[in-house]
Amino acid sequence: MLPGPARAEEEAGGEAVARKARAARAVLETAARWGLARPPLPAPPPPASRPELVAAQGVKLANGLPPVVYRVPTEERIVFLTVDDGAEKDPEFSRMAAELGIPLSAFVADYLARSDYGYFRALAARGDAVNNHTVNHRNLKVLGYGTQREEICRQQDQLEEQIGVRPRLFRPPYGEYNEDTLRAAASCGVEAVPLWNEEAFPDRMEYRYEDQRLHPGDVILTHFRGTDLWNGSMPDLLRKVVDEVTAQGFALARLDDYL
């Protein structure tokens with residue numbers, strides 16, 4: 001028999017091993033339940049402060065205006081999932097993301113989201129940021145400054161009222177913007193404008209670059225859409241994204257922690 005302290009230490013160590021084994025089994029079971037090829041890779045802890053942005057491939061800077069970012073500067077093997085518009089409010093999608101621990105950033109347009117802002121409040125409550133995608137999802141590039149400001153800033157106000165947090169990030173519809181867009185966004189509190197390098201669908205990923213691969217810091221775009229527009233559901237979409245990201249050795253991290 002081991003002395004009391006040694007025996008207690010051995011038992012505590014054994015319990016720690018057992019806890020880890022139970023946690024690993026739970027991860028495997030959750031991945032299998034949602035039909036994943038393998039469990040998603042865990043993201044590293046978020047940085048203590050957001051990376052400094054400098055002009056480079058994937059980052060466009062203009063003096064005094066919010067940066068436009070296609071790729072977040074990082075050496076970590078992480079990418080970011082962003083979901084636009086807000087038409088489809090699928091509870092299975094949000095439940096799947098929560099159970100798998102998949103972070104996402106939503107960019108919602110008021111005319112699509114207003115029928116059920118409660119869905120997006122629930123996303124925010126679990127830690128997903130709900131960001132600005134204008135009121136009416138118009139092509140801002142063909143509009144004057146005043147109309148652009150109305151589209152962006154009214155949605156800033158709406159999201160602050162509905163979600164309780166004024167967004168820091170803004171994405172222009174269709175990725176179309178000009179200097180007036182950035183000036184208007186800055187005037188009502190926007191700090192950065194993330195665009196994207198990949199777009200995800202339930203059956204495929206489309207890549208911007210010829211190598212058809214993910215790169216550290218890439219931003220992935222998809223949409224809140226359902227089977228009326230897609231050949232698949234939002235859980236099918238998330239399954240495709242997670243399987244593709246994991247197969248390439250990447251983890252999904254929370255964009256708002258880095259930008």
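Atom set for the values below is all heavy atoms of this structure, side chains included, hydrogens, waters and symmetry mates excluded. Remember, predicted model here, so these are calculated numbers, not experimental data.
- How far CG of L255 is from CD1 of I220: 11.0 Å, rounded to the nearest 0.5 Å.
- K89 contributes atom NZ, which lies 11.0 Å from atom CG of L123 (distance to the nearest 0.5 angstrom).
- The side-chain heavy atoms of L195 and P172, taken from C-beta on, include a pair separated by under 4.5 Å.
- Side-chain atoms of R121 come within 3.5 Å of backbone atoms of Q162 as a donor-acceptor pair (strictly under, hydrogens ignored).
- Judged by distance alone, the side chain of Y258 and the main-chain N or O of P46 form no donor-acceptor pair under 3.5 Å.
- Listed here is the closest heavy atom pair of S233 and P202: O-CG, 4.0 Å.
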Problem - Stepwise side-chain contact (heavy atoms from CB on, under 4.5 Å) check, R208 with W196 - result: CA-CA 9 Å; R208 184 183 299 274; W196 63 90; 4.0 Å; yes
Exercise for the section: Kindly indicate, with the supporting measurements, whether the criterion side-chain contact (heavy atoms from CB on, under 4.5 Å) is fulfilled by E151 and L140. Expected result: CA-CA 8 Å; E151 281 286 330; L140 298 177; 4.1 Å; yes
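- Applying side-chain hydrogen bond (donor to acceptor under 3.5 Å, both in side chains) to S105 and the options T82, D256, D84 leaves one that passes, D256.
- To the nearest 0.5 Å, the span separating CZ on R126 from CG on L104 amounts to 5.5 Å.
- A donor-acceptor distance shorter than 3.5 angstrom exists from the side chain of D211 to the backbone of R213, with no hydrogens or angles considered.
- Nearest heavy-atom pair across P39 and A31 is CA-CB, 3.8 Å.
- In this structure, the separation between CZ on R154 and CG on N132 is 11.5 Å, given to the nearest 0.5 Å.
- Residues Y111 and F107 do not share a hydrophobic cluster, clusters being chains of Ile/Leu/Val/Met/Phe/Trp/Tyr side chains in contact below 4.5 Å.
- Distance alone, capped at 3.5 Å, places no donor-acceptor pair between the R183 side chain and the R149 backbone.
- Side-chain contact between F80 and V72: present, with at least one pair of heavy atoms (C-beta onward) separated by less than 4.5 Å.
- For the pair E29 and R25, the salt-bridge criterion is not met [side-chain N within less than 4.0 Å of a carboxylate O].
- More than 12 heavy atoms of other residues, nucleotides or ligands lie within 6.0 Å of CD in Q212, so this atom counts as buried by the packing criterion.
- In terms of heavy-atom proximity, I78 sits nearest to P44 at CG2-CD, 3.5 Å.
- Within the 4.5 Å cutoff, no side-chain heavy atoms of D128 are placed close to those of F120.
- The shortest heavy-atom contact between V108 and Q155 is O-NE2, 3.0 Å.
- Under the 4.5 Å side-chain heavy-atom criterion for ILVMFWY residues, no single connected hydrophobic cluster contains both V27 and V245.
- A donor-acceptor distance shorter than 3.5 angstrom exists from the side chain of Q248 to the backbone of L214, with no hydrogens or angles considered.
- No continuous path of hydrophobic side-chain contacts links L41 to L28 [ILVMFWY only; heavy atoms under 4.5 Å].
- In this structure, P167 and Q156 have side chains that are in contact, with non-hydrogen atoms separated by less than 4.5 Å.
- The closest donor-acceptor contact from the side chain of R138 to the backbone of T147 lies at 3.5 Å or more, if one exists at all.
- Between H215 and N197, the closest side-chain pair of non-hydrogen atoms is not below 4.5 Å.
- Side-chain heavy atoms closer than 4.5 Å link hydrophobic residues (I, L, V, M, F, W, Y) into clusters, and following such links, possibly through other members, connects F201 to L81.
- Of all non-hydrogen atoms in P40 and V242, the two that sit nearest each other are CB-CG1, 3.8 Å.
- Using modelled atom types and a 3.5 Å distance limit, the side chains of D180 and Q148 yield no donor-acceptor pair.
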Practice task
Test side-chain contact (heavy atoms from CB on, under 4.5 Å) on K240 and D203 and set out the steps.
Solution key: CA-CA 7 Å; K240 177 62 180 175; D203 57 349; over 6 Å; no
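- Side-chain contact check for L100 versus L36: some heavy-atom pair is nearer than 4.5 Å.
- No continuous path of ILVMFWY side-chain contacts below 4.5 Å connects V165 to Y117, so the two sit in separate hydrophobic clusters.
- In this structure, the separation between CZ on R204 and CD on E199 is 8.0 Å, given to the nearest 0.5 Å.
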Exercise for the section: Could you walk me through whether M234 and L237 pass side-chain contact (heavy atoms from CB on, under 4.5 Å), step by step? Expected result: CA-CA 5 Å; M234 291 202 71; L237 158 80; 4.2 Å; yes
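- Nearest heavy-atom pair across L169 and N131 is O-CB, 3.4 Å.
- Using a distance-only test at 3.5 Å, with no hydrogens or angles considered, no donor-acceptor pair links the side chain of R77 to the main chain of F250.
- Residue pairs satisfying the side-chain hydrogen bond (donor to acceptor under 3.5 Å, both in side chains) criterion with at least one member in residues 34-50, sequence neighbours excluded, are listed as follows: W34-E99.
- Residues F170 and T181 have side chains in contact (heavy-atom distance under 4.5 Å, counting atoms from C-beta outward).
- Annotation: the span from L252 atom CG to T246 atom OG1 amounts to 7.0 Å, rounded to 0.5 Å.
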Kindly list each side-chain donor-acceptor pair under 3.5 angstrom involving residues 221-231, sequence neighbours excluded, with atom names and distances?
unit_1	atom_1	unit_2	atom_2	d
T222	OG1	A200	O	2.9

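- In this structure, L53 and P73 have side chains that are in contact, with non-hydrogen atoms separated by less than 4.5 Å.
- Residues Y145 and N178 have side chains that never bring a donor and an acceptor to within less than 3.5 angstrom of each other.
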